[in-house]
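These notes concern the structure reproduced below.
Within every chain, numbering begins at 1; the chains are lettered A, B, ... in the order of the sequence lines, protein sequences first and strands thereafter. Computation of the quantities below employed the complete heavy-atom set of this structure, encompassing side-chain atoms and omitting hydrogens, waters and symmetry-equivalent molecules.
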Protein chains: 2
Amino acid sequence: MNQVSQTSCGISKVMSQLGGKWKFLIIWRIHQNEGIRFNQLQRDTNGITNVMLNRCLKELTQDGFVLRKDFHSVPPHVEYYLTKQGKSFIKIMEAMNDWGENNL
Amino acid sequence: MNQVSQTSCGISKVMSQLGGKWKFLIIWRIHQNEGIRFNQLQRDTNGITNVMLNRCLKELTQDGFVLRKDFHSVPPHVEYYLTKQGKSFIKIMEAMNDWGENNL
DNA sequence: CCGTATCCTCCTTGATACTG
DNA sequence: CAGTATCAAGGAGGATACGG
């Protein structure tokens, strides 16, 4: 019989880094607007708080999905981009977005 | 289980139905073993409890991703399959699984 | 503008026991 | 075998205030 191994699979790995309520959406928003800034990103991401947005961005940056470009100016100016790894995930998200629009 | 606003984009819609800790994985396991039974599915899904598995299966069935085939026998015999809609989501999960294996 | 620091709530998940 | 019924815990996420 088609016994499935219990060891972690690609799906588990993806979920462990992108799971939670916000990260998919944040990646998607940055993709739609590369170089987006913090406050704009917050406005675009259905009701996320600045605390959660900052926490997620920090983790996404550490995990190599997001690039944080700080202009070290006053007042602060920070832009967010997808890294190469982040961009490589986008084609999956595009498929997912299309699927969601058409099937749900 | 997970309330991301369903209004804005396909990603949000997908997340609102498949968000949370387990559903992606459950769909993936059923895909790997169509007709799988409850206890086997629990064993295959890294440490999920029967309570959570049952809850997720119920929601996935209601949302049209999973088909529950009950043989009404004693002892009980229930098999789980993906619906047409569930199967239509698999190509995205395959891409995601491959991506996870190669990039994480 | 872009965060940080606290504190707190509630919801998901888990543990345990039980049943047709 | 395939669930239900409870109750508890933990942590993700939220509210609010403050700072460089």
* Of all the choices, D:dC1, D:dT4, C:dG3, which nucleotide is nearest to the side chain of A:Val78 once you look at every atom? -> C:dG3
* Asked: Which whole-number value in Å describes the distance from A:Glu79 CD to C:dG3 C1'?
  -> 16 Å
* What is the distance from CD1 of B:Ile36 to P of D:dA2, rounded to the nearest Å? -> 10 Å
* side-chain hydrogen bond (donor to acceptor under 3.5 Å, both in side chains) partner of A:Gln40, chosen from A:Arg37, A:Arg43, A:Gln42 -> A:Arg43
* Structure fact -> Nearest-nucleotide check on DNA chain C, A:Arg68 vs B:Pro75; residue mapping nearer the 5' end is A:Arg68
* **Separation of atom NZ in A:Lys69 from atom C1' in C:dC1, rounded to whole Å** => 17 Å
* May I ask whether B:Leu82 and B:Leu60 are part of the same hydrophobic cluster, defined by side-chain heavy atoms of I, L, V, M, F, W, Y residues being less than 4.5 angstrom apart, directly or through others? => yes
* Roughly how many Å is it from CG in A:Asn46 to P in D:dG13, rounded to a whole number? -> 14 Å
* To do: Answer yes if A:Ile27 and A:Ile92 sit in the same cluster of Ile, Leu, Val, Met, Phe, Trp and Tyr residues linked by side chain heavy atoms under 4.5 Å apart, and no otherwise.
  => yes
* Would you say a side-chain N or O of B:Lys58 is under 4.0 Å from OP1 or OP2 of D:dT4? -> yes
* To do: Could you tell me the separation between the CD atom of B:Gln42 and the P atom of D:dG3, rounded to a whole number of Å?
  => 11 Å
* Structure fact -> Whole-Å distance, A:Phe24 CZ to D:dA12 C1', equals 17 Å
* Asked: With no hydrogens and no angle check, do the side chains of A:Trp22 and A:Thr45 hold a donor and an acceptor under 3.5 Å apart?
  -> no
* Asked: Of all the nucleotides listed (D:dG20, D:dG3, D:dA2), which has the minimum atom distance to the side chain of A:Pro76?
  -> D:dG20
Which atoms of nucleotides 14-17 of chain C (N or O only) lie under 3.5 Å from a protein N or O atom, and what are those distances?
from: C:dG14; atom 1: OP1; to: B:Lys21; atom 2: NZ; distance (Å): 3.3

* Please work out if B:Tyr80 contacts a base, only the sugar-phosphate, or nothing of the nucleic acid, heavy-atom cut-off 4.0 Å. => sugar-phosphate
* Asked: Would B:Tyr81 end up clustered with B:Ile90 when hydrophobic side chains under 4.5 Å apart are linked, directly or stepwise?
  -> no
* Which heavy atom in A:Met93 sits nearest to a heavy atom in A:Phe24, and how many Å separate them? -> CE-O, 3.3 Å
* Asked: Can you check the B:Leu53 CG to D:dC1 P distance for me, whole Å?
  -> 14 Å
* Separation of C:dC1 C1' from A:Phe38 CZ (nearest whole Å) -> 10 Å
* Structure fact -> salt bridge (charged side-chain N to carboxylate O under 4.0 Å, His left out) pairs touching residues 83-104 of chain B, sequence neighbours excluded, are A:Lys13-B:Glu101
